[in-house]
Amino acid sequence: MQINNLSFKFNRNAKPFFSDLSFEIQSKTVQFLQGKNGSGKSTLFRILQGALEQQEVVDGTINIDAVTYQINNSQTRNAYSHFVRHVQQDFDRMLADQLNFKENLALASMPRYPGLHGIKSVTLPPIVSHFGIDSTKPAYLLSGGQRQILAILMVLQKPTKVLLLDEPTAALDEKNSHLVIQFLQELVATSNLTILIITHDKELVKAYAHGTYLMLEEQDSGIRTLKKIDVLKTA
């Protein structure tokens, strides 16, 4: 995924929030995004999802799998957002607690208007067994990390090229936090996904970032800039 010359304002009379922002995230990678509150992380995620308000002003291009889309065009935004999925912090709300792992995946794979056919069975991806998850357990008996993994796989029941995660380990203990990131690393190793994660957990970034991570910062002008930070320099 490549973003080129991204500019954004909340309305035509507002000061620029992003100006000429460009960055690239290679496919088959997990990239981390950090920044203080208000630095623009959630706004950037909204733009990547094509979820803009009518009064907001945006320009630039996004390239996904060698196809370039104009961000300021609603039709092309709809086209690229079809392949961008987002797992929010309150992922537990996605799950049906009384259903087991496999049944939750089947529920997520149903069309928007399923008719009267009921929930169809799905085949569990091999990655589930690699992490020792008992797919017969109801969701409420799974650990926090396993529930997060379930939420991620539910989102991936739809065609996905870019996966966005907002603080996926914020509510987890250290063991489950590592479980989720290790799962994501194996996921990209066995697929063509690009994954971008918002996190404030510096220890996770040091442990799992491949060389660099992204940092959003607010300048004195109010414009947000994005920098690549060398993990070794912050260790």
Side-chain angles (χ1 to χ4, degrees), residues 1-8 17-36 39-52 58-72 76-89 127 148 152-153 155-156 158-170 177 180-202 204-217 223-234:
M1 178 182 70
Q2 187 171 16
I3 301 294
N4 293 304
N5 309 117
L6 172 64
S7 298
F8 174 83
F17 191 83
F18 295 130
S19 179
D20 202 28
L21 191 71
S22 298
F23 65 95
E24 181 178 4
I25 303 174
Q26 296 291 332
S27 61
K28 301 182 76 69
T29 60
V30 176
Q31 182 64 268
F32 294 92
L33 174 64
Q34 293 196 326
K36 295 180 180 178
S39 62
K41 302 183 298 297
S42 296
T43 300
L44 180 59
F45 264 29
R46 280 204 301 114
I47 294 171
L48 296 180
Q49 294 173 81
L52 298 176
V58 67
D59 199 7
T61 63
I62 179 170
N63 184 293
I64 299 176
D65 279 357
V67 179
T68 299
Y69 305 89
Q70 293 291 332
I71 302 177
N72 64 357
T76 57
R77 277 204 307 273
N78 289 336
Y80 76 72
S81 65
H82 180 72
F83 300 107
V84 179
R85 307 293 169 197
H86 181 211
V87 181
Q88 300 182 3
Q89 273 188 263
I127 193 172
Q148 175 66 277
I152 292 167
L153 288 174
V155 165
L156 295 180
K158 302 292 191 296
T160 308
K161 295 181 180 179
V162 179
L163 179 63
L164 308 174
L165 296 111
D166 188 356
E167 295 285 359
T169 63
S177 295
V180 169
I181 302 302
Q182 289 165 7
F183 165 80
L184 291 170
Q185 288 193 319
E186 184 164 333
L187 188 63
V188 295
T190 56
S191 67
N192 198 38
L193 278 175
T194 298
I195 297 179
L196 181 59
I197 301 173
I198 291 175
T199 180
H200 287 97
D201 192 328
K202 294 181 180 179
L204 276 183
V205 173
K206 290 176 185 178
Y208 294 103
H210 293 288
T212 61
Y213 62 95
L214 300 176
M215 175 68 76
L216 266 172
E217 297 178 324
I223 294 175
R224 276 67 175 172
T225 58
L226 189 68
K227 298 179 181 179
K228 274 193 173 182
I229 306 295
D230 190 328
V231 174
L232 294 178
K233 292 182 179 179
T234 58

Practice task
Determine, for E217 against K227, whether the closest basic-nitrogen to carboxylate-oxygen distance falls under 4.0 angstrom.
Solution key: yes
Exercise for the section: Determine the minimum heavy-atom distance between T199 and D201, stating which atoms define it. Expected result: OG1-N, 3.0 Å
Handout entry: 4.5 Å side-chain heavy-atom contact, F8 and R224
Key = no
Handout entry: Within 6.0 angstrom of K202 NZ, more than 12 heavy atoms from elsewhere
Key = no
Problem - With sequence neighbours excluded, residues passing ring-ring contact (aromatic ring centres under 6.0 Å, His included) with F18 - result: none
Handout entry: Any side-chain heavy-atom pair of Y213 and K228 under 4.5 Å
Key = no
Practice task
Please round to the nearest 0.5 Å and tell me the distance separating atom NZ of K161 and atom OG of S191.
Solution key: 13.0 Å
Practice task
Can you see which heavy atom on N72 is nearest to which on V58, and at what distance?
Solution key: CB-O, 3.1 Å
Handout entry: Polar side chain donor-acceptor pair, H200 to Q34, under 3.5 angstrom
Key = no
Handout entry: Any side-chain donor near an acceptor of the partner, T68 and N63, under 3.5 Å
Key = yes
Problem - Where Q31 and T212 come nearest, the two heavy atoms and their spacing - result: OE1-O, 3.2 Å
Fill in the blank from the handout: The side chain to side chain contact (heavy atoms under 4.5 Å, CB included) partner of L48 among T43, V162, I62 is I62
Handout entry: Least distance between heavy atoms, F45 atom then H86 atom
Key = CD2-NE2, 3.7 Å
Practice task
Can you sort out the partners of H82 under side-chain hydrogen bond (donor to acceptor under 3.5 Å, both in side chains), two or more places apart, ordered by chain and number?
Solution key: none
Practice task
To the nearest 0.5 Å, tell me how far S39 OG sits from F17 CZ.
Solution key: 7.5 Å
Practice task
For F83, enumerate each residue passing the ring-ring contact (aromatic ring centres under 6.0 Å, His included) test, keeping only those at least two apart in sequence or located in another chain.
Solution key: none
Exercise for the section: Please assess L33 against L226 for the test side-chain contact (heavy atoms from CB on, under 4.5 Å), listing each intermediate value before the final yes or no. Expected result: CA-CA 9 Å; L33 174 64; L226 189 68; 3.7 Å; yes
Exercise for the section: List the steps, then state whether side-chain contact (heavy atoms from CB on, under 4.5 Å) holds for I198 with L165. Expected result: CA-CA 6 Å; I198 291 175; L165 296 111; over 6 Å; no
Exercise for the section: Kindly compute the distance separating CD (Q2) from OG1 (T194), expressed to the nearest 0.5 Å. Expected result: 11.5 Å
Handout entry: K36 atom NZ: more than 12 heavy-atom contacts under 6.0 Å
Key = no
Exercise for the section: For residues L52 and R46, report the shortest heavy-atom separation together with the two atoms involved. Expected result: CA-NH1, 3.9 Å
Problem - Candidate list L163, D166, L164, test side chain to side chain contact (heavy atoms under 4.5 Å, CB included), partner V87, passing option - result: L163
Problem - L44 and L6: CA distance, side-chain angles, deciding distance, side-chain contact (heavy atoms from CB on, under 4.5 Å) verdict - result: CA-CA 10 Å; L44 180 59; L6 172 64; 3.9 Å; yes
Practice task
Grab the two heavy atoms, one from R85 and one from V155, that are nearest each other, plus how far apart they are.
Solution key: CB-CG1, 3.0 Å
Exercise for the section: Could you walk me through whether L193 and T160 pass the side-chain contact (heavy atoms from CB on, under 4.5 Å) test, one step at a time? Expected result: CA-CA 7 Å; L193 278 175; T160 308; 3.7 Å; yes
Practice task
Please tell me if the side chains of I197 and V30 come closer than 4.5 Å, counting only heavy atoms from C-beta onward.
Solution key: yes
Problem - Gap separating the OG1 atom of T76 from the CD1 atom of I71, nearest 0.5 angstrom - result: 8.5 Å
Handout entry: Test item: S22 side-chain N/O and N5 main-chain N/O as donor-acceptor pair under 3.5 Å
Key = yes
